[in-house]
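Shown next, in structure tokens, is the structure this report addresses.
Throughout, protein chains are lettered first and strands after them, A, B, ... in sequence-line order, and every chain is numbered starting at 1.
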Protein chains: 2
Amino acid sequence: MKQKIGLLGFGTVGRGISEILRDKKDYLNKKYGFEYDIVAVADFAFGNVYNPNGLDIPLMLEQAGNKEKFTKDLTNMETLDLVKNSNVSVWCELTFTDLNTGGPAIDHVKTALSAGKHVVTSNKGPAALLYPEMKKLADENGVKFMIEGTVCAGTPVINLTDGPLAGCEISKISGILNGTTNYMLTEMEKGMSYDEVLKIAQEKGYAEADPTGDVEGYDARGKVTILANIVMDAGIKITDVPCQGITNITPDDIDFAKKQGKRWKLIGSVEKRDGKIHTSVAPEMVDVSHPLAGVMGATNALTFATDMLGDVTIVGPGAGKIETGFSILTDLLYVHRNS
Amino acid sequence: MKQKIGLLGFGTVGRGISEILRDKKDYLNKKYGFEYDIVAVADFAFGNVYNPNGLDIPLMLEQAGNKEKFTKDLTNMETLDLVKNSNVSVWCELTFTDLNTGGPAIDHVKTALSAGKHVVTSNKGPAALLYPEMKKLADENGVKFMIEGTVCAGTPVINLTDGPLAGCEISKISGILNGTTNYMLTEMEKGMSYDEVLKIAQEKGYAEADPTGDVEGYDARGKVTILANIVMDAGIKITDVPCQGITNITPDDIDFAKKQGKRWKLIGSVEKRDGKIHTSVAPEMVDVSHPLAGVMGATNALTFATDMLGDVTIVGPGAGKIETGFSILTDLLYVHRNS
């Protein structure tokens with residue numbers, strides 16, 4: 001069946017997945033028999049567009065670059081009306097993340113699932129705040145709720161535990177969950193101060209103008225919460241996770257670690273111990289011989305402690321336009337192959 | 001549907017998966033709704049047993065330990081007759097690997113697939129020699145042919161590329177594909193000779209009495225062949241892969257590498273370059289800062305070079321009774337969830 005794809009949000013991720021779907025059409029059809037149209041886009045800045053026979057993706061990408069309103073296929077349908085009453089079979093929820101309220105994303109996801117549409121998302125809000133409820137709603141409506149993009153989008157994590165590691169009981173997940181701070185710590189080891197490094201990270205686009213989400217550990221905390229709730233059924237809230245960022249790490253701290261043969265890493269972890277779930281985000285000095293110590297730059301790395309395999313570690317890139325776009329694509333393929 | 005499982009071979013792997021299925025029954029039912037009986041076992045040493053309502057697994061494991069013939073549920077059915085005409089829904093092919101002819105495993109797999117039974121295997125023979133043919137036969141009969149256990153059984157590889165990395169084009173796979181030789185090279189760095197280390201590896205059960213398959217690189221070559229044919233549709237034969245083992249590496253070679261800040265690793269690789277497939281197995285000196293350099297002991301590590309994510313690396317244990325048993329379990333779960 002040809003999938004009819006809808007995008008909620010046409011920012012960096014929305015354009016990333018649109019570029020991928022534009023450029024890999026033949027490959028995806030040949031390798032996976034995956035055929036699709038993007039038929040709807042809802043975006044605060046650009047308005048809502050809808051064409052049940054497929055939008056003009058190359059034109060949309062051009063128009064988005066010009067930051068002008070779409071003029072073709074504009075619709076008067078309100079967003080939730082579009083979510084419910086269009087011919088979209090799978091919605092990609094790619095609007096901004098609000099980790100406190102879940103933002104409009106929660107309404108988008110609930111409405112889509114209730115209407116029997118699959119949802120694929122990179123938005124941490126609904127996943128971190130309401131995963132069990134959303135999963136139940138999806139099951140009741142016979143559709144999928146896929147969230148690979150919410151945790152370390154460039155590094156397969158959720159689908160790894162759900163698929164290739166299926167059957168293993170996972171007692172601990174720990175690692176480098178935020179590429180931006182790992183890049184900053186890597187650069188600080190070369191002798192720069194926190195402020196100098198932050199400026200470069202912002203220039204490179206790794207850190208936002210307001211870097212709080214990364215440097216205070218909030219982004220990593222959201223990921224720990226999602227992992228705890230999804231992989232370990234922890235039922236915790238974001239505020240349950242003790243969280244410390246890297247803002248207090250000084251060049252002296254870096255030197256202190258170096259002299260002991262160690263290296264600072266911002267480590268997020270979730271562990272099942274004595275029947276309880278323990279979580280944390282905090283900078284840790286790890287020995288240079290530790291597998292995570294060699295993970296440098298804007299890279300993610302997660303180690304899963306399992307009952308049957310001992311430790312299994314995956315290392316991959318941090319989030320970016322194409323990396324997060326990929327996480328959406330891989331979940332779209334899952335929906336295609338399993339529905 | 002309750003799966004009716006049959007085991008071809010009741011050696012180390014057959015007992016490993018039997019122990020797992022015995023011990024995780026409640027967990028697998030609760031988490032995945034996976035219900036099963038082992039109804040048939042065919043083994044050269046112990047004879048063929050069959051009970052359509054389920055064999056007594058704990059008793060079977062006890063009897064196997066005593067190396068006596070099974071006395072309960074013995075059947076006169078020949079193996080291929082059992083494969084075809086029992087109520088088994090999924091066969092696990094776990095007999096010995098013959099990389100030259102494929103051994104009896106090829107007849108087992110062909111017969112099972114033709115009879116509309118799923119096949120899960122850790123046997124490199126059918127996968128390395130005839131994967132495309134077996135996959136086609138499975139498709140024609142509406143069943144699965146699953147082979148996670150054939151490549152680095154304790155480290156998810158095949159299912160990683162097929163699932164969480166789906167959508168990525170992989171241009172190169174390289175890494176440490178043989179845990180035994182990696183253990184030996186790690187120990188040689190501590191100052192022991194090749195012969196001393198081999199003896200210890202044999203005592204620990206890492207190396208066979210005849211260690212040729214590991215130390216000459218043949219095991220890694222089989223894995224490279226399977227990866228080339230499955231991930232890159234290379235259509236190559238085992239003998240197409242240039243192969244050099246670790247038997248000629250001396251303490252002097254180890255010192256020479258050390259002095260340059262390098263370390264020997266037996267690297268298997270397959271690469272798509274200029275429209276051609278290039279494969280090799282050979283010892284290489286890698287820089288100590290290289291991600292693979294830190295992979296010590298009986299561990300596997302593979303790096304996938306991809307179009308959308310750059311490099312993604314997975315690190316996990318080498319094959320063992322439970323690790324290979326796990327690879328069978330995870331494929332059984334895949335069959336259960338997708339059929």
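- Annotation for A/K25: atom NZ counts as buried by contact number, over 12 foreign heavy atoms lying within 6.0 Å.
- With a 4.5 Å cut-off on non-hydrogen atoms, B/E148 does not touch chain A at all.
- Chosen from B/I314, B/T299, B/T303, the residue pairing most often with chain A at heavy-atom distances under 4.5 Å is B/I314.
- A 6.0 Å sphere centred on NZ of B/K136 holds no more than 12 heavy atoms belonging to other residues, nucleotides or ligands.
- Interface remark: B/N338 contributes side-chain atoms only to the contact with chain A (heavy atom separation under 4.5 Å).
- Other residues, nucleotides and ligands contribute over 12 non-hydrogen atoms within 6.0 Å of the NZ atom of B/K258.
- For the pair A/C168 and B/F326, the tightest heavy-atom approach, listed with the atom from each and the gap, is SG-CE1, 3.5 Å.
- Listed options B/L160, B/N159, B/T313 were ranked by heavy-atom pairs under 4.5 angstrom with chain A; first place goes to B/T313.
- A salt bridge does not link B/K31 to A/E169: none of the charged side-chain nitrogens sits closer than 4.0 Å to a carboxylate oxygen.
- To the nearest 0.5 Å, atoms CE (B/M308) and CG (A/L329) are separated by 5.0 Å.
- Taking A/G167, A/G163, A/G316 one by one and counting their heavy-atom pairs under 4.5 Å with chain B, the maximum is reached by A/G167.
- Looking at B/D307, only its side chain comes within 4.5 Å of chain A, counting heavy atoms on both sides.
- In the displayed structure, A/K135 atom NZ is contacted under 6.0 Å by at most 12 heavy atoms of other residues, nucleotides or ligands.
- Looking at A/F34, neither its backbone nor its side chain comes within 4.5 Å of chain B, counting heavy atoms on both sides.
- Taking the side chain as every heavy atom from C-beta outward, A/D311 and B/P317 never approach each other to under 4.5 Å.
- Interatomic distance, B/T155 OG1 to A/L309 CG, rounded to the nearest 0.5 Å: 7.5 Å.
- Of the atoms belonging to A/L333, it is side-chain heavy atoms, and not backbone ones, that fall under 4.5 Å from chain B.
- Looking at every heavy atom in both residues, A/L165 comes nearest to B/T330 through C-OG1, 4.3 Å.
- Ranking B/Y32, B/F304, B/Y27 against chain A, the residue ahead of the rest is B/Y27, based on heavy-atom pairs under 4.5 Å.
- Put simply, of A/N300, A/D162, A/D331, A/L28, the one with the most heavy-atom pairs under 4.5 Å next to chain B is A/D162.
- When each of A/S327, A/P156, A/G294, A/G310 is scored by its heavy-atom pairs under 4.5 Å with chain B, the top score falls to A/P156.
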